[in-house]
**Q** 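To start, I am sharing the structure in question, which I have written as structure tokens.
Numbers restart at 1 for each chain; the letters A, B, ... are given by sequence-line order, proteins then strands.
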Amino acid sequence: MILYIVLVLVGFYALVNLVQVGGSPISEALYFVVATLALGFVAFSLMRVRRSFALANPAPNRVFEIVKCKQCSFKQIKNFALGDYVTKTLGLCTQCNTANLFIDGIYGEPPHRK
Amino acid sequence: MLTVVPLDLLGDLFGNVGNISQIAFTLLFILLFFGFGQKLQMRQYMWDIDRGLRRLDVIRGQAKDLTLKTVKEIGKPTSDPMPQLNVLMEQFLITPVDMDPSGIVSKFDHLLDVHEMKFKEDVHRIAPSADPAQLNNLSNLVEASWALNTIYRIIRHFYLLGKKTNSIFIIIQLQALLPLIMQEAEAYLGAARAFAEGQPIGDGIGPLVASRLMKDKSQRKVEKDVIVAETTLEDRRIIALKAEGPGGNVGKPGDAIRSLIEENGGKVSMVVMIDAALKFEGENSGEVSEGIGAAIGGIGTERFKIEEEATKNKIPVYAVIVKESILEAITPMRKEILEAGEKVLERIKSLIVERSKPGDTIIVAGIGNTIGIGQ
Ligand SMILES: [Zn+2]
């Protein structure tokens, strides 16, 4: 931490010298190099920190189930309910009233794609 | 380092000396950069690891809270399950000596059996009201929580060790591995959520395909936690098997395949294994590919049994795999993986048409965790 503060101070000091004091072209060039290196390094480090913080807490997946009928072509997609599983029967089909509905598949979708 | 500033101020006071002081200032600056460069870098790595470690701590805390909540909801324990859960979180398994490797597979097998039995009993004790399927889910959940706890402990160990010994090599290795470890930890957290709710995970594609084959057929149980049903496909007799669902379970397909082959007097013309496999980066999830050999993960005991029995009876073993990432394998099954199920069935059909004759007996094994998938 102290190192970074020192680097920022050195960078600013060099920058101030460059703008206000001036001097020979060589010393100006030196100040310029020092300022860019010091401030650039600190800025780069800060960016790294920000990037790792961007790893935010992943939200849970949204999970759906595909419900089908054994007889007709009835198909429905609904939200996953606790206790459901693939092959579970869910009672009579509302469309043909002859066969049972069952869960054909369950799938999850990631919360947000970046 | 701080002497740099007054030196230059002095330089300004003495006019001509200014240029010299500027050069000195620059030299000092360069020394600071190169001389302390490694130190700076190390400090930065330490920060990275420290942040990662804190995140790992948060993740393991979340998983543990979820476990505790689910245990209380489903298991309805009479006393506080926390102390027993803590004991479970720290448990370990001592692997057999491998200096004399002959017979090590059965030792491993025995060890895993004992481990699983004890683990389930321990979970049952803290969740007495859970039914068998829920108990399996809870065991999986506790296991995911345990994995996160273990990852955290290992990373913390090396971090503190690196800090204590000031060893740049420990720190560099840790920092290099950190992104992969974080990815894995987040995958485990996703897994814990899926296990808590009993949702099918990507690894369940094998059992899912097997359950499609078994649909509406008469089923029976062979060996431990494995369900078998017979069906016909392209005029061949298919014996399909999967772990018993819908609780989280992988069963012992090695034992099941062995006893099925023995049941049929070795007259099985091929074994087809369906499993999820880790994809390489850049490959598409849900891609299906086929190969030869026993497609089954784990420590290797089940694979050994299958390979041994297949070799003894000269039965070819084919593998049909669905590619997915580690994250997709243990979090709720993605749509593209679910849809790969149909493609797998097509592959199996063309495989048996090409490689067997009508009337042959073929074993189709759906390998993987059957959580959220019945039969
Ligand atoms: Zn219907």
**Q** Less than 4.5 Å to any heavy atom of chain B: does that hold for the side chain of F41(A), its backbone, both, or neither?
**A**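 Looking at F41(A), just its side chain touches chain B.
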
**Q** Where on L338(B) is there a heavy atom nearer than 4.5 Å to chain A: the side chain, the backbone, both, or neither?
**A**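 Only the side chain of L338(B) comes within 4.5 Å of chain A.
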
**Q** Please say whether more than 12 non-hydrogen atoms of neighbouring residues, nucleotides or ligands are located less than 6.0 Å from NZ in K343(B).
**A**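 Correct, the count exceeds 12.
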
**Q** Answer with side chain, backbone, both or neither: which region of L208(B) has an atom nearer than 4.5 Å to a non-hydrogen atom of chain A?
**A**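 When you check distances to chain A, only side chain atoms of L208(B) fall under 4.5 Å.
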
**Q** Give me the atom names and distance for the closest heavy-atom approach of P110(A) to R334(B).
**A**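 Looking at all heavy atoms of both residues, the closest pair is CD-NE, 3.6 Å.
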
**Q** Below 4.5 Å from any heavy atom of chain A, which atoms of N137(B) appear? Answer side chain, backbone, both or neither.
**A**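 For N137(B), there is no contact with chain A at all, as no heavy atom is under 4.5 Å.
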
**Q** Sequence neighbours excluded and cut-off under 3.5 Å, please list the side-chain donor-acceptor pairs for residues 74-96 of chain A, or say none.
**A**
unit_1, atom_1, unit_2, atom_2, d
K78(A), NZ, E65(A), OE2, 3.2
D84(A), OD1, K88(A), NZ, 2.9
T87(A), OG1, Q375(B), N, 3.4
K88(A), NZ, G83(A), O, 3.4

**Q** Taking the side chain as every heavy atom from C-beta outward, state whether E197(B) and V63(A) have any pair of such atoms under 4.5 Å apart.
**A**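 Result no, sub-4.5 Å side-chain heavy-atom pair not found.
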
**Q** Can you measure from CE (M333(B)) to OH (Y107(A)) and round to the nearest 0.5 angstrom?
**A**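 Separation between the atoms: 13.0 Å.
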
**Q** What are the two closest non-hydrogen atoms of P332(B) and G108(A), and how far apart are they?
**A**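 For P332(B) and G108(A), the tightest heavy-atom pair comes out as CB-CA, 4.1 Å.
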
**Q** Output the option from G198(B), G202(B), P200(B), A133(B) having the highest count of non-hydrogen pairs under 4.5 Å with chain A.
**A**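 Ranked by contacts with chain A, first place is P200(B).
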
**Q** Out of V33(A), L37(A), I103(A), D104(A), which one racks up the most heavy-atom pairs below 4.5 Å with chain B?
**A**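 Sorted descending by pairs with chain B, the first entry is D104(A).
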
**Q** Less than 4.5 Å to any heavy atom of chain B: does that hold for the side chain of V34(A), its backbone, both, or neither?
**A**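 For V34(A), the contact with chain B is made by backbone and side chain together.
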
